[in-house]
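Read the structure below first, then the notes.
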Amino acid sequence: MIEFYLNGEPQRCVSLAPDTSILELLRNDLQRTGTKEGCASGDCGACTVAIGEPGQDGRLHYYSTNACITPAHQLQGRHLVTVEGLARGDALHPVQAAMVECHASQCGFCTPGIVMSLFTLHERQRQSPIALDDACLEATLGGNLCRCTGYRPIQKAARHMANQPDVRPPWADDPKLDNDTAALGNTLEATGYAIPNTLATLHALRRQYPTARLVAGATDLWLEATQRLEAFENLIDISRVAELQAIDETPDGWWIGASVTYARLEPLLDEVYPAFARLLRRLGSSQIRNRGTLGGNIANASPIGDTPPILLALDAHLALEGPNGARKMPLDAFFLDYKRTALEPGEFIRAIFLPRPERDQHLEVWKLSKRREDDISAVLGAFAWREENGCLHDVHLAFGGMDATPRRAQATEAVLEGHSADMATFEAARQALERDFQPLDDVRGSAAYRRLAAANLLERLRLTIDHDAAQEVCLDAYAH
């Protein structure tokens, strides 16, 4: 059984299968059909809804999510808002009014999801005014596909929301949200779905149900249900385990809990690793970044996961826990083969250690995909290095999409280490890259394309270093 609020009204749902999505719950059980099913994979945004959670300031904070790949059980103790709940009688919500005024409402299939994405933006504006520039709107709407090609009036509507009468739904001033996470249930016996809120409870569940699947953001796992039509017998939800939500700073870096979402991680990366933060903005959409977790991106061991190559280039480490206790390992020892990791039975990732940037360390991250936004990598290269006396040091190069696992290009690193970034050195590096990887052909790119693309990224690295060096020479000359 789960208890939550839907558009301000209390809901109690019993006998939900573990693999029930929010979309299925809305359309099949609650008969709320304004939320549409498009792709069933978190790509089109037609099913976008908003979930409200209490913040430290005591107010509700709403984020957008794809209902098609979000477990319904994660609504426990939350406030779900759908397009049906925005208007107050005949008076439209400011988002809806702006969509009408700007002729942004199209066929009606994608429009509800677009409205809900803009609703979360409108709520953010109410709590802390933000500039609605192109970058902001791109991030907000990047996960909503408009099949009627009406992007310009939709963006215009987003900019006109604040000019509309401030009509809020009846529930807005008194959402009545119970955040008693102790009542979430710590057993799988009744529902097949458990949501522990402490690490100790998670360990107990793992001992009792060793074959249960772990779920956090579900942005990858839930595709097994929607695309492969598989059923989950038992699920342990780790999204509310307090210890897995922490970001702990140390003198040497940060331990990032495995369930920390990309959206929560972005402010830290903006400050310490801007190139990493820029990559995150190309990782899925806002709906995906609000849900997807750093630990999940590592644990699913995909060769085209976006974050592992960067973490490999930065010498990240993992903290693992399981029946035999806790242990730590470097990330480059974690990936063994395609979709196979060093996790032992019952073990899970507790945290990821992100080292603090070294003095004069540089980081560049470049992702190649068929679409710039909301697409999976064909090749991703992450490059970390220092320069000293005109030579490269501490060179770490890692690639995704080039092999069965994301991994470092060690032969290429050895060629560059201690040498200047000249054309001869990089030509030797490109030859070494041929020995480092034997990429496969698949739908995202042929082996030949991937070899050429990776070599071109190396050339881009050389030109970047050469450009930076030239700028430093010019600045020194100007200073004197």
Side-chain angles (χ1 to χ4, degrees), residues 269-270 272-283 303-316 331-332 354-355 357-369 372 375 377-403 405-439 444-445 447-475:
L269 296 182
D270 264 327
V272 297
Y273 287 115
F276 198 165
R278 289 193 294 272
L279 180 278
L280 276 193
R281 297 182 187 112
R282 291 188 59 195
L283 197 164
I304 50 176
D306 282 347
T307 64
I310 312 171
L311 296 168
L312 286 168
L314 295 176
D315 268 342
L331 182 60
D332 61 9
L354 180 68
E358 297 182 10
R359 185 175 179 273
D360 299 326
Q361 184 184 39
H362 300 270
L363 175 69
E364 292 288 353
V365 182
W366 294 309
K367 171 179 176 174
L368 303 178
S369 55
R372 174 170 176 78
D375 199 8
S377 297
V379 176
L380 188 145
F383 311 92
W385 76 96
R386 291 188 309 104
E387 286 184 79
E388 187 176 331
N389 298 324
C391 294
L392 304 177
H393 295 279
D394 298 327
V395 179
H396 291 174
L397 314 178
F399 287 88
M402 289 292 289
D403 215 328
T405 66
R407 61 184 182 84
R408 298 257 298 269
Q410 294 181 336
T412 310
E413 293 174 353
V415 170
L416 296 176
E417 185 69 33
H419 293 83
S420 61
D422 55 35
M423 295 184 67
T425 298
F426 270 79
E427 175 58 33
R430 283 191 290 274
Q431 295 177 16
L433 191 65
E434 292 278 346
R435 301 190 298 272
D436 270 320
F437 299 103
Q438 296 296 320
R444 293 185 178 85
Y449 166 78
R450 286 187 159 106
R451 278 193 290 267
L452 178 61
N456 287 344
L457 289 182
L458 270 184
E459 177 63 8
R460 185 175 182 177
L461 176 63
R462 184 189 70 81
L463 294 172
T464 299
I465 296 172
D466 185 60
H467 178 264
D468 291 345
Q471 280 193 324
E472 289 180 7
V473 170
C474 291
L475 289 173

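- Not a single salt bridge (Lys or Arg N to Asp or Glu O under 4.0 Å) links Arg282 to another residue, sequence neighbours left out.
- No side-chain heavy atom of Leu331 sits less than 4.5 Å from a side-chain heavy atom of Leu314.
- With hydrogens and angles ignored, the 3.5 Å screen pairs a side-chain donor or acceptor of Asp436 with a backbone N or O of Thr412.
- By the salt bridge (Lys or Arg N to Asp or Glu O under 4.0 Å) test, Glu427 is found to be paired with Arg430, residues two or more places apart in sequence or in another chain being considered.
- Legend: residues meeting side chain to side chain contact (heavy atoms under 4.5 Å, CB included) with Asp360, ordered by chain and number and at least two apart, are absent.
- Asp375 is linked by a salt bridge (Lys or Arg N to Asp or Glu O under 4.0 Å) to nothing, counting only residues two or more places apart in sequence or in another chain.
- At least one side-chain heavy atom of Leu397 sits less than 4.5 Å from a side-chain heavy atom of Leu416.
- The shortest non-hydrogen separation linking Ala384 to Leu363 is CB-CD1, 4.2 Å.
- In this structure, His419 places its NE2 atom where only 12 or fewer heavy-atom neighbours from other residues, nucleotides or ligands lie under 6.0 Å away.
- Contact of the Thr464 side chain with the Phe383 side chain is not registered, since no non-hydrogen atoms from C-beta on lie closer than 4.5 Å.
- The shortest heavy-atom contact between Arg451 and Pro439 is CG-CG, 3.7 Å.
- Of the charged side-chain nitrogens involved, none lies within less than 4.0 Å of a carboxylate oxygen, so that Asp403 and Arg450 do not count as a salt-bridged pair.
- Between Glu417 atom CD and His396 atom NE2 the span is 7.5 Å, to the nearest 0.5 Å.
- Rounded to the nearest 0.5 angstrom, Arg278 CZ and Leu283 CG are separated by 15.0 Å.
- Summarising the geometry of Ala398 relative to Leu312, their closest heavy-atom pair is CB-CB, 3.8 Å, with the distance given to 0.1 Å.
- One finds the CG atom of Asp270 at 11.5 Å from the CZ atom of Phe276 (value rounded to the nearest 0.5 Å).
- For the side chain to side chain contact (heavy atoms under 4.5 Å, CB included) test, residues two or more places apart in sequence or in another chain that qualify with Ser377 are Asp306, Lys367, Leu380.
- Atom CG in Leu392 sits 11.5 Å away from atom CD in Glu413 (nearest 0.5 Å).
- Side chains of Arg407 and Phe437 form a contact here, defined as non-hydrogen atoms less than 4.5 Å apart.
- For the pair Pro355 and Ala316, the tightest heavy-atom approach, listed with the atom from each and the gap, is CD-CA, 4.1 Å.
- Of all non-hydrogen atoms in Arg462 and Ala421, the two that sit nearest each other are CG-O, 3.8 Å.
- Atoms CZ and CG, from Phe426 and Leu461 in turn, are 4.5 Å apart once rounded to the nearest 0.5 Å.
- A heavy-atom distance below 4.5 Å is found between the side chains of Phe399 and Leu433.
- A distance of 13.5 Å separates OH of Tyr273 from CG of Leu280, quoted to the nearest 0.5 Å.
- What you find for Pro406 and Pro303 is that their closest heavy atoms are CD-CA, 3.9 Å.
- Looking at residues two or more places apart in sequence or on another chain, you find no salt bridge (Lys or Arg N to Asp or Glu O under 4.0 Å) involving Asp332.
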